[in-house]
There are 2 protein chains.
Amino acid sequence: MKFNLSQAEENYLKAIYSIGIDTGKSVNTNQIALKMKTKASSVTDMVKKLSDKGLVEHKKYKGALVTSKGESIAVSTLRSHRLWECFLVDTLEFNWDEVHDIAEQLEHIKSDSLVDRLDKFLNFPSYDPHGDPIPDKNGVIEHHKNVMLSSVDPEASCIVIGVKDSSSSFLKFLDNAGICLGKKIKVLTVEDFDQSMQLEIESKVITVSHQISKNLYVKK
Amino acid sequence: MKFNLSQAEENYLKAIYSIGIDTGKSVNTNQIALKMKTKASSVTDMVKKLSDKGLVEHKKYKGALVTSKGESIAVSTLRSHRLWECFLVDTLEFNWDEVHDIAEQLEHIKSDSLVDRLDKFLNFPSYDPHGDPIPDKNGVIEHHKNVMLSSVDPEASCIVIGVKDSSSSFLKFLDNAGICLGKKIKVLTVEDFDQSMQLEIESKVITVSHQISKNLYVKK
DNA sequence: TAAAATTTTTAGACAAGTCTAAAAATATTT
DNA sequence: AAATATTTTTAGACTTGTCTAAAAATTTTA
């Protein structure tokens, strides 16, 4: 069957897929509504529609999960989104905090070969500007190991490999703090009271809230 | 006032603008319906909507014309479309017959700076792959002189500078006939009966119908 | 210039996607 | 386990853009 989905359908699939990946469980109507910034009743309608098309599995009152067909569409939308982000940053020289909303539109362009040609032009990148892995042509995607800066022990060092939140405000904060992908961070102390962290970055010391540290992916 | 138009609205504006440029007269409902591949009643509805927004001037039963606000939106959509076509052909190496439909989607991406950055990346091209002039950042656009191959006299030579029809089938025909932008064509004879032309192109002689010759822009 | 043909508009309907308000089901608390 | 709270679904409405069919206006023809 040939799927020609609306942007709305693709966005819902992406949301259900990514919440499912994050939580590993069936995805609730309210979780989807929150992510899609819409009302639960709208979600119910759309989930029913996607379910009728065989793209999600839904049990009334029990949440939804993407089927394998749904997953492959969601992954291909993610691939498109992330490749466009690479293009916007690497080729058009946008800053990493400017590209999310534009890529959100570009990801829905329908063409058999556009994304693959873009992939080739960009020399088959593995990660987007926010450190998210880019699925290959066949939908194979490497998943983040989900190690957050907030879980790093005092005295330990790590390298920033990604951001969980791609909002402009968060990314601008990181720019100002001198934090970007690949940067080495040493955790000096963690405050018991609010889990704020003292960090050493290139011999400068800064303090960040838990809100910040739990949105940064790092590796040892 | 800030205009945030739907893709449908932008497409109608583009259609009304370009038919208006071609004919120099008020644009009829049926002409728009033909171009938009829709019904006259749908056109009436949309024209009313655009008129309410001050983007077209409409007198009942007498056709429509874009206002200056409408024109500037139409021109900026054209600019976007043509720059994306350049990108698709020059950067992603699509053939010129593959890009129209994709650019038709890309032209509607909403971003303050995307098109200008694309323009810069492409080194401010003046013409798209079909020879159509690209409006500059301020909406200034050079118009074709509308000299068609069909109006060239026998024994005269000319250079192909554009195509009026950007359909894949026409462009594929041109590829097969060895006709591309910049190619020199000598008109040998014009048939009285059906206005078909004998052409000499790089010492090869071919015959083309009036349908073909009236869709090729040329210069002396 | 009256009749016929064509064009345009109106009226009413439909699909997609959203919303609010209320009902139904499930989960939590006591 | 009953009462309460929360979540989810249903019902009905609205918007955008489309359509068909019929009415109104305009243009063409005789």
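Each chain gets a letter, A, B and so on, in the order the sequences are listed, and its residues count up from 1. Predicted model only: the values in this text are computed from it and were never measured.
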How would you label the contact of [X] with the nucleic acid (heavy atoms, under 4.0 Å): base, sugar-phosphate, or nothing?
| X | value |
| --- | --- |
| Ser42(A) | base |
| Asn28(B) | sugar-phosphate |
| Lys62(A) | sugar-phosphate |

Counting only side-chain N and O atoms of [X], is one of them less than 4.0 Å from OP1 or OP2 of [N]?
| X | N | value |
| --- | --- | --- |
| Lys39(B) | dT20(D) | yes |
| Asn30(B) | dT8(C) | yes |
| His58(B) | dT9(C) | yes |
| Tyr61(A) | dT10(D) | no |

Round to a whole Å and report the spacing from [atom1] of [X] to [atom2] of [N].
| X | N | atom1 | atom2 | value |
| --- | --- | --- | --- | --- |
| Gln7(A) | dA16(C) | CD | C1' | 13 Å |
| Asp45(A) | dC14(D) | CG | C1' | 14 Å |
| Lys59(A) | dA25(C) | NZ | P | 18 Å |
| Asn4(B) | dT16(D) | CG | C1' | 15 Å |
| Lys60(B) | dT26(D) | NZ | C1' | 14 Å |
| Lys37(A) | dT18(C) | NZ | P | 14 Å |
| Asp52(A) | dA15(C) | CG | C1' | 15 Å |
| Tyr12(B) | dT16(D) | OH | P | 15 Å |

Any idea which heavy atoms bring Val160(A) and Cys180(A) closest together, and the distance?
->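 Shortest heavy-atom separation between Val160(A) and Cys180(A) comes out as CB-O, 3.7 Å.
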Mutual orientation of the aromatic rings belonging to Trp96(B) and His130(B) [parallel < 30°, tilted 30-60°, perpendicular > 60°] |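 Geometry flag for His130(B) against Trp96(B): parallel rings.
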Determine the interplanar angle of the Phe87(B) and Trp84(B) rings, folded into 0 to 90°, and report it as parallel if under 30°, tilted if 30 to 60°, perpendicular if over 60°.
->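 Aromatic pair Phe87(B)/Trp84(B) classed perpendicular.
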Residue Thr29(B), side-chain atoms from C-beta onward, closest of dC19(C), dT9(C), dT18(D) |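 That would be dT9(C).
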Answer yes or no: side-chain N or O of Ser41(B) and base N or O of dT8(C) forming a donor-acceptor pair under 3.5 Å.
-> no
Under 3.5 Å donor-acceptor pair, Thr44(A) side-chain atoms to dT10(D) base atoms |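 Not at all, since no donor on one side and acceptor on the other fall under 3.5 Å apart.
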Side chains of His108(A) and Asn11(A): donor-acceptor distance under 3.5 Å anywhere?
->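 Note: His108(A) and Asn11(A) side chains meet the donor-acceptor criterion.
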Using a cut-off of 6.0 Å, state whether more than 12 heavy atoms not belonging to Lys35(B) lie near its atom NZ.
->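 Atom NZ in Lys35(B) is packed in, count exceeds 12.
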